[in-house]
Number of protein chains: 2
Amino acid sequence: MSLHDSTQTKILDAAEFLFAERGFAETSLRTITGRAKVNLASVNYHFGSKKSLIQAVFDRFLQDFTTQLSLRLEELEQQPANELQAETLLSALIEPLLSLNNTRNNSVSIFMRLLGRAYAETQGHLRRYVTERYGHVLVRFTHLFQKGYPELSNDQIFWRLHYMLGSLIFTLAGSDALRQISEADFNRSLEVKDVIQEMVPFLAAGMKA
Amino acid sequence: MSLHDSTQTKILDAAEFLFAERGFAETSLRTITGRAKVNLASVNYHFGSKKSLIQAVFDRFLQDFTTQLSLRLEELEQQPANELQAETLLSALIEPLLSLNNTRNNSVSIFMRLLGRAYAETQGHLRRYVTERYGHVLVRFTHLFQKGYPELSNDQIFWRLHYMLGSLIFTLAGSDALRQISEADFNRSLEVKDVIQEMVPFLAAGMKA
DNA sequence: GTATGTTTCAAACAAGTGTTTTAGTGTGAA
DNA sequence: TTCACACTAAAACACTTGTTTGAAACATAC
């Protein structure tokens, strides 16, 4: 957080951290404004409501992420089918993810935890909001897999993509805690980058099964 | 729910459904007791507090599940290493899961959603409670994988198990919603059993990668 | 300078939360 | 019957929640 962040940015920074850490309902506006060192009412003034604040937190992440992902997808959509190996497609997903970690510190873990929570909100507003606004990117990603693996049926692709998402979100969301366990048990330092790179062969092999 | 369930059972049934559906903080005791058709105060009378009620919900699931899993693990621990294929080990995990679906309807989905929520509670009491009480089963499971796949390093096993858990929990937690999408898109009916069976080759291939 | 629009602040609001209390009901044993 | 115990019921409690209000402070243009 730089010295002269706007109130909105301070709120977003505090909110995204706390939402990822504790959940949406478990995080009160007073906790957020306390951490952000702004007045309580400023949340409703700038964002309208708590619900809108949650959506704004997701928007900031997803706009960064999806624009980056879109660029990669455009390149890949020009490629012939035999260039669309699982490893290639996965790195198109992973590289935009890792570049998030450059702009804000450790934000991949935060982002994935937020995604996991949004996913858990089965009947809530958030899941609808995210899928309606950013679902088209997932669709394009699906088409690339179908092109690269025509021997697989459409619903096999559909399900395996969800298996992959599950591994990714689940592992990266807990990566902080898991890394600590792993480093304690095996005396081996692991960056987020390493954790992700370890996943690629696992997921690729599953995709080709 | 049978005709003469005890108050405790009625509360547990209502609570596990609502917790899975909306989350712990988002579910009030009044909503639970309303659904269960019991008095509000009976939760605190029978369980002490909301926190203890949450733990009780997990206990009922995990006791059923871990005792069944333990039996399978004992059998497998007698086997030689070359019998410990990934598919075999996975079915030791999956069959107890599926048998949950027999006792109570659709409870696999509920169980997985609860596990996902417990996992998300990184710093909360619940994750500590679950890992402390039922972590030893996961450890035994890890040892079997190490025995079956000695060419993999310990931390490779560690991480790949988490990838698998991620796919399982993530997919099964959302299986209700995903099944509807899948059936709408591909006109193909899918039971929970089918969804899980589809996963096994994917996960096994990843494990062997 | 004044005037105007924007942002901050402290205080209050109504609604909902988990929990406790106190009284009441039913049940089985002595 | 009488007593003790387990359970249920309604009401109240203290507290936190998101949101709104109205005044103060600030900035910018005329």
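Below, read A as the first sequence line, B as the second, and so on, with proteins coming before strands; counting in each chain starts at 1.
We find that A:E21 and A:R113 are joined by a salt bridge, their nearest charged nitrogen and carboxylate oxygen being less than 4.0 Å apart. We find that A:E77 and A:K147 are not joined by a salt bridge, their nearest charged nitrogen and carboxylate oxygen being 4.0 Å or further apart. Here B:D64 does not pair with B:R104 in a salt bridge; the nearest charged N to carboxylate O distance is not below 4.0 Å.
The shortest distance between the side-chain N/O atoms of A:N39 and the OP1/OP2 oxygens of C:dA10 is below 4.0 Å. Between B:H46 and the phosphate of D:dA6, there is no side-chain N or O to OP1/OP2 separation shorter than 4.0 Å. Residue B:T7 places at least one side-chain N or O under 4.0 Å from the OP1 or OP2 atom of D:dT8.
Counting to the nearest Å, the C1' atom of C:dT7 and the CZ atom of A:F47 are 14 Å from each other. Between the CG atom of B:L29 and the P atom of C:dA15 there is a distance of 21 Å, rounded to whole Å. As a whole-Å value, the separation of B:R22 CZ from C:dG16 P is 14 Å. The nearest whole Å value for the distance from the CD atom in A:E26 to the P atom in D:dT17 is 12 Å. If you measure from atom NZ of A:K10 to atom C1' of C:dC9, you get 14 Å, rounded to the nearest angstrom. One atom, CD of B:Q8, and another, P of D:dA6, lie 13 Å apart when rounded to the nearest Å. Distance NZ (B:K51) to C1' (C:dT19): 14 Å, rounded to an integer number of Å. Rounded to an integer number of Å, the gap from OH of A:Y45 to P of D:dC26 is 16 Å.
DNA chain C is contacted by both B:A41 and A:L40; A:L40 maps to the nucleotide lying nearer its 5′ end (nearest heavy atom per residue).
In summary, the aromatic rings of A:F61 and A:F111 are positioned with their centroids under 6.0 Å apart.
Side-chain proximity of A:S28 to the nucleotides D:dT20, D:dG18, C:dT8 is greatest for D:dG18. For B:N44, the side-chain atoms get nearest to C:dT20 when compared with the rest of C:dT20, D:dC7, C:dT7.
In this structure, B:R35 forms a cation-pi arrangement with B:F17, its terminal cationic atom sitting closer than 6.0 Å to the ring centre and no more than 45° off the ring axis.
Within the 4.0 angstrom heavy-atom criterion, no nucleotide atom of any strand lies near B:T33.
With hydrogens and angles ignored, a donor-acceptor pair closer than 3.5 Å exists between the side chain of A:R30 and the base of D:dG18.
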